[in-house]
There are 2 protein chains.
Amino acid sequence: MSDPCRAKRVASSEATNDETGTAGQSNRRQNNRRDDVLAAAARLIARQGYDGTSMRDIAAETGMLPGSLYYHFVSKEELFVAVHAEAVASINRAVDAAIATQSEPWARLEAAVAAHLAALVETTDTVAIVSPNFPDGSAALNARLIAERDAYERKFAGLVEALDLPECVDKGLFRLMLLGATNWTPVWYRPGGRHGPAEIAGAFLDMLRSRCAV
Amino acid sequence: MSDPCRAKRVASSEATNDETGTAGQSNRRQNNRRDDVLAAAARLIARQGYDGTSMRDIAAETGMLPGSLYYHFVSKEELFVAVHAEAVASINRAVDAAIATQSEPWARLEAAVAAHLAALVETTDTVAIVSPNFPDGSAALNARLIAERDAYERKFAGLVEALDLPECVDKGLFRLMLLGATNWTPVWYRPGGRHGPAEIAGAFLDMLRSRCAV
DNA sequence: TGGTTAACCAAACAGTCGTTTGGTAAAGTA
DNA sequence: TACTTTACCAAACGACTGTTTGGTTAACCA
């Protein structure tokens with residue numbers, strides 16, 4: 001089921017230093033291909049999933065040998081954690097930029113959803129982070145990934161909180177329904193289809209806005 | 001990535017007889033454990049995913065040896081197809097039974113969503129079929145799985161069609177939003193939480209009903 | 001009662017997986 | 001210039017993967 005060496009290695013990595021940060025503290029040398037590995041891993045995992053992407057695949061995509069990846073990342077799981085963190089940061093920046101262009105609460109939420117959805121369906125080099133396709137490994141790993149997404153989720157909770165919804169609407173379920181529908185969109189979305197991310201986000205919010213508008 | 005023998009075996013199985021049907025045409029003998037294998041596979045795949053479940057896991061759960069599974073199924077993929085078909089049939093029956101208890105269009109849709117959601121979060125022995133966690137294998141396989149779900153999806157399209165929605169609402173996006181939010185629910189659902197499947201389904205539909213009610 | 005076949009067991013095969021180990025050329029530092 | 005560290009390469013290790021092959025036992029049929 002799982003390899004027996006992982007626990008030891010993960011523990012030792014946590015004891016020494018945290019390599020999971022989005023950017024290495026300092027690129028010690030000019031030709032450091034850590035970022036190349038990260039980009040290749042993100043691209044492949046986004047396309048094939050975690051289990052469907054081997055360390056040999058990532059190494060070949062980067063032009064390295066499999067063992068060389070372990071100079072930069074102590075394990076495949078830690079590599080995925082780094083990819084996950086970078087993807088969360090990236091989608092966070094995109095959503096923040098979109099929110100900043102609007103002032104009205106509903107418009108801000110719509111811009112956020114549109115940016116979120118665009119990141120999910122348009123970027124091939126960024127993992128669909130919201131996806132529950134993370135490795136089925138330890139509970140500790142899942143806790144780390146979920147914690148990384150918490151701040152992102154709270155951002156949407158804040159946008160919903162600003163909406164002035166009637167009391168009969170559960171704001172938690174409102175957010176879960178909107179984000180759920182959005183996160184599921186990549187399942188049926190087709191790039192050449194009739195609706196783009198912005199239109200879909202607009203339609204989703206239109207269907208929810210009715211009760212509360214004006 | 002993929003094994004070289006699969007194509008040959010799948011082809012030969014399609015040439016001889018179709019083992020993917022929901023029920024074997026006739027249980028040749030009394031103690032035929034094909035159904036046990038199917039149930040064990042469904043239970044394990046629902047919990048660990050397709051890649052996370054090995055043939056040895058399924059065999060051990062059934063009390064058989066790994067090789068013996070190949071008497072009943074020509075490959076792991078074909079076994080999953082059978083599990084998928086059974087799960088689709090099961091959820092179809094549950095939704096049909098729920099619909100039959102209601103007559104008003106909105107009530108029928110709500111009953112269908114509630115039954116759909118209950119099947120997703122409450123049954124541990126049935127794979128979350130709607131999940132995009134199917135094997136990342138061949139396009140032909142994916143086409144078969146999607147075709148199996150088409151009739152099921154059309155059922156919801158029919159329920160939405162009966163709703164008498166205003167013209168400004170795209171009925172396709174209405175259905176995709178509702179089912180997307182529902183299919184995503186298992187990601188955040190906690191069995192001991194505040195809301196059960198029926199309440200969640202009711203809340204989802206309340207948030208969509210407002211514009212169109214009366 | 002003899003033969004056929006369904007339903008397995010026992011054991012292996014070839015490949016892939018994540019990972020480790022030991023070495024090495026180049027860059028940085030003194 | 002000597003020494004250290006960085007960033008790899010080359011090659012393997014052991015575990016696990018889906019799958020195959022050949023044998024075996026009990027149920028069925030004539």
Side-chain angles (χ1 to χ4, degrees), chain A residues 1-13 17 19 24-38 41 44-45 48-60 62-80 135-138 141, chain B residues 1-13 17 19 24-38 41 44-45 48-60 62-80 135-138 141:
Chain A
M1 189 62 57
S2 64
D3 77 279
C5 310
R6 183 175 50 202
K8 187 196 57 170
R9 290 188 56 83
V10 169
S12 72
S13 92
N17 62 346
E19 295 209 44
Q25 293 144 343
S26 65
N27 284 0
R28 311 289 191 88
R29 299 250 174 117
Q30 268 69 13
N31 48 344
N32 188 329
R33 304 204 284 181
R34 186 184 193 272
D35 292 344
D36 297 345
V37 173
L38 245 150
L44 291 175
I45 292 177
Q48 310 170 356
Y50 178 81
D51 287 324
T53 304
S54 69
M55 294 297 269
R56 286 169 175 81
D57 291 341
I58 299 170
T62 323
M64 293 172 65
L65 291 185
S68 307
L69 300 177
Y70 289 83
Y71 174 76
H72 299 284
F73 304 94
V74 293
S75 70
K76 187 188 182 185
E77 276 193 3
E78 290 296 319
L79 170 54
F80 177 76
D136 55 338
S138 62
L141 170 66
Chain B
M1 192 63 56
S2 65
D3 76 279
C5 310
R6 183 175 51 201
K8 184 195 61 171
R9 288 189 57 85
V10 168
S12 73
S13 93
N17 62 346
E19 294 208 45
Q25 293 145 343
S26 66
N27 284 0
R28 310 290 192 89
R29 299 251 172 115
Q30 267 69 14
N31 48 345
N32 187 329
R33 309 209 304 218
R34 186 184 193 270
D35 292 345
D36 297 345
V37 173
L38 245 147
L44 291 175
I45 293 177
Q48 311 171 355
Y50 178 81
D51 288 323
T53 305
S54 69
M55 295 297 269
R56 283 168 178 82
D57 291 341
I58 299 169
T62 323
M64 295 173 60
L65 292 185
S68 307
L69 300 177
Y70 290 83
Y71 174 75
H72 299 284
F73 304 94
V74 293
S75 70
K76 187 187 181 186
E77 276 194 2
E78 290 297 320
L79 169 54
F80 177 76
D136 55 339
S138 62
L141 170 66

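All values below come from the heavy atoms of this structure, side chains included, with hydrogens, waters and symmetry mates left out. Numbered from 1 within each chain, the chains take letters A, B, ... in sequence-line order.
In this structure, CD1 of A:Ile58 is placed 15 Å from C1' of C:dT16, rounded to the nearest angstrom. Computed from coordinates, the A:Phe80 CZ to C:dG18 P distance equals 14 Å when rounded to whole Å. Nucleotide D:dC13 holds its C1' atom 16 Å from the CE atom of A:Met55, rounded to whole Å. Remark: P of C:dA6 and CE of B:Met64 are 15 Å apart, rounded to the nearest angstrom. If you measure from atom CG of A:Leu79 to atom P of C:dT19, you get 10 Å, rounded to the nearest angstrom. The nearest whole Å value for the distance from the CG atom in B:Asp51 to the C1' atom in D:dC16 is 14 Å. If you take CG of B:Asp36 and P of C:dA7, they are 12 Å apart, rounded to a whole angstrom. What separates CG of B:Leu69 from C1' of D:dT17 is a distance of 14 Å, to the nearest Å.
Judged by closest nucleotide on DNA chain D, A:Gly63 is the one of A:Gly63 and A:Arg56 placed further toward the 5' end.
Phosphate contact (OP1/OP2 of C:dT16, side-chain N/O of A:Ser54, threshold under 4.0 Å): absent. B:His72 has a side-chain polar atom (N or O) that falls below the 4.0 Å cut-off from OP1 or OP2 of C:dC8. Close to D:dT19, at under 4.0 Å from its OP1 or OP2, lies a side-chain N or O of B:Tyr70. Between D:dC8 and A:Tyr71, no contact under 4.0 Å exists linking OP1 or OP2 to a side-chain N or O. Between A:Arg33 and D:dC8, a side-chain N or O to OP1/OP2 separation shorter than 4.0 Å is present. Contact annotation: B:Ser68 side-chain N/O to C:dC9 OP1/OP2 distance is under 4.0 Å.
Among the nucleotides C:dA10, D:dT17, C:dT19, the one closest to the side chain of B:Leu65 is C:dA10. Proximity note for B:Lys76 (side chain, C-beta onward) versus D:dT19, C:dT19, C:dC8: the nearest is D:dT19.
At distances below 3.5 Å, at least one donor-acceptor pair connects side-chain atoms of B:Thr53 with backbone N or O atoms of B:Gly49. Side-chain atoms of B:Arg33 come within 3.5 Å of backbone atoms of B:Gly63 as a donor-acceptor pair (strictly under, hydrogens ignored).
By the 4.5 Å heavy-atom criterion applied to side chains, B:Asn32 and B:His72 are counted as neighbours. Using a 4.5 Å heavy-atom cutoff, the side chains of B:Tyr50 and B:Glu77 are in contact. Residues B:Leu79 and B:Ile58 are in side-chain contact: their nearest non-hydrogen atoms beyond the backbone lie under 4.5 Å apart.
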